[in-house]
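Notes follow the structure.
To find a chain, count down the sequence lines: A is the first, B the second, and so on, and within it residues start at 1. Computed from a predicted model, the values in this text were never measured in an experiment.
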2 protein chains.
Amino acid sequence: MSNTGINQVVWSAKQQEFVQKWRELGVAWGIPPAMAAIHGLLMTQEHPMVTDEVMSLLSLSRGSAHTQLQALVEWGLVYPVKTLGSRQVRYVAERDSWQMMSCIARQRKKRELDPLLELDAWKRSWASKTDGLEASAVLDKTLDGVLAQASAVDGVLGRLLAEDERWWEQWLLRGLRRN
Amino acid sequence: MSNTGINQVVWSAKQQEFVQKWRELGVAWGIPPAMAAIHGLLMTQEHPMVTDEVMSLLSLSRGSAHTQLQALVEWGLVYPVKTLGSRQVRYVAERDSWQMMSCIARQRKKRELDPLLELDAWKRSWASKTDGLEASAVLDKTLDGVLAQASAVDGVLGRLLAEDERWWEQWLLRGLRRN
DNA sequence: GAATACTTTCATTTTAAATTGAAATTATGT
DNA sequence: ACATAATTTCAATTTAAAATGAAAGTATTC
């Protein structure tokens, strides 16, 4: 039985343009091009897709398609759907934009914010030993400020991502109209 | 006259560790290693530094040291200080952590958020032409959500970065304690 | 329990980004 | 104007990340 054609795959000029843009955006966000492109493609597709369809529409190798699909599933941006009576797996993108952005934010927090917060422990580990004589008061001061801000952001982000509700919509709007 | 030694350069184990960590952090944030390292180094230094000092402490080529120092100045993270009676330029890092983080946020907004916001114009440019027949209602719906969120973030970020005041500290804290 | 259909892995290659270093340029002091 | 001391540029190289593709692995069906 053929893989393609169970559900019609639509691949219009608009969709192709979108995928191209999503890929570029992905690169700017530090996301592997193939990963962003696959995500973009699945965002445009009504129905779950099979690896071979992804491969051929985006001209990707099997290895890359597979690896990036896994990563997308790992991130929670894409769901694997098992086809009954077959080993074949199909993939659909998360449709809810809030869920989608949450997934991305969570990953970025892990990659970017958490390592920054770890500097606090590092700083404390040096607190006792007097390095030379007051080796860098300048650093300590700036770093304290940075860490304070980082943990404020961490707190807000934590709340934001923990909730399913969207109290943040109100909260953001309140931020918009000053104070 | 020798370049080094006008102001004593301090380069302790703690500082070296910090620079190493700052470099890694920079890489996670999509910043060139040399740029992050230089920034880290200048954050630890009491006094403005000359290109040759940066080069030798970090084992960088002149080209790289120069280019990345320019970038740091461009971003507003580092200030060039002209030495009187000499063509020599020295560099100091911005000390205020809020200013520092603002600079970074501004650059990231430019690189990451603005291109996302441009998708709105793109979407509208396709609004009229009916691509096939309802080519991708799925995409349109998710994309609308994403763009709404993006512009909310843009609004808040815009305010945050425009101000010199720190009303946001209160605002972030309020975000922390729910509602 | 083969044979088939699909998935997974991973050593090698490709690609894009960052770095190098030496030559060209420009400013400064004599 | 000259020599010197610094900065700036950029073609060539290096590096790290991502992509490839073929081989190995694993379910599923007959």
Residues forming a salt bridge (Lys or Arg N to Asp or Glu O under 4.0 Å) with B:K109, sequence neighbours excluded: B:D114, B:D154
Sequence neighbours excluded - side-chain hydrogen bond (donor to acceptor under 3.5 Å, both in side chains) pairs with any residue from residues 27-41 of chain B: B:W22-B:H39
Which residues share a salt bridge (Lys or Arg N to Asp or Glu O under 4.0 Å) with A:R108, sequence neighbours left out: A:E112, B:E112
Atom pair distance, as rounded to whole Å: CG in A:L69 and P in C:dC6: 16 Å
Salt bridge (Lys or Arg N to Asp or Glu O under 4.0 Å) partners for B:K110, two or more places apart: none
Between P of C:dT15 and CZ of A:R23, the distance in whole Å: 14 Å
Summary of protein contacts for nucleotides 7-12 of chain C, nucleotide by nucleotide, where a base hit scores B, a sugar-phosphate-only hit scores S (4.0 Å, heavy atoms): BBB---
With A:R111 via salt bridge (Lys or Arg N to Asp or Glu O under 4.0 Å) - residues at least two apart: none
Neighbours of DNA chain C within residues 24-36 of chain B, by heavy-atom distance under 4.0 Å: B:P32, B:P33, B:A34
Between D:dT20 (C1') and A:Q68 (CD): distance, integer Å: 12 Å
Check: A:S136/B:E46 side-chain N/O donor and acceptor closer than 3.5 Å: no
Residue closer to the 5' end of DNA chain D, A:L84 versus A:S61 (nearest nucleotide): A:S61
Whole-Å gap separating C1' (C:dA5) and NZ (A:K82): 17 Å
Whole angstrom value for the distance that separates C1' of D:dA18 from CG of A:L72: 14 Å
For A:R87, all residues meeting side-chain contact (heavy atoms from CB on, under 4.5 Å), sequence neighbours excluded: none
side-chain contact (heavy atoms from CB on, under 4.5 Å) partners of A:V73, counting only residues at least two apart: A:V78, A:P80, A:Y91
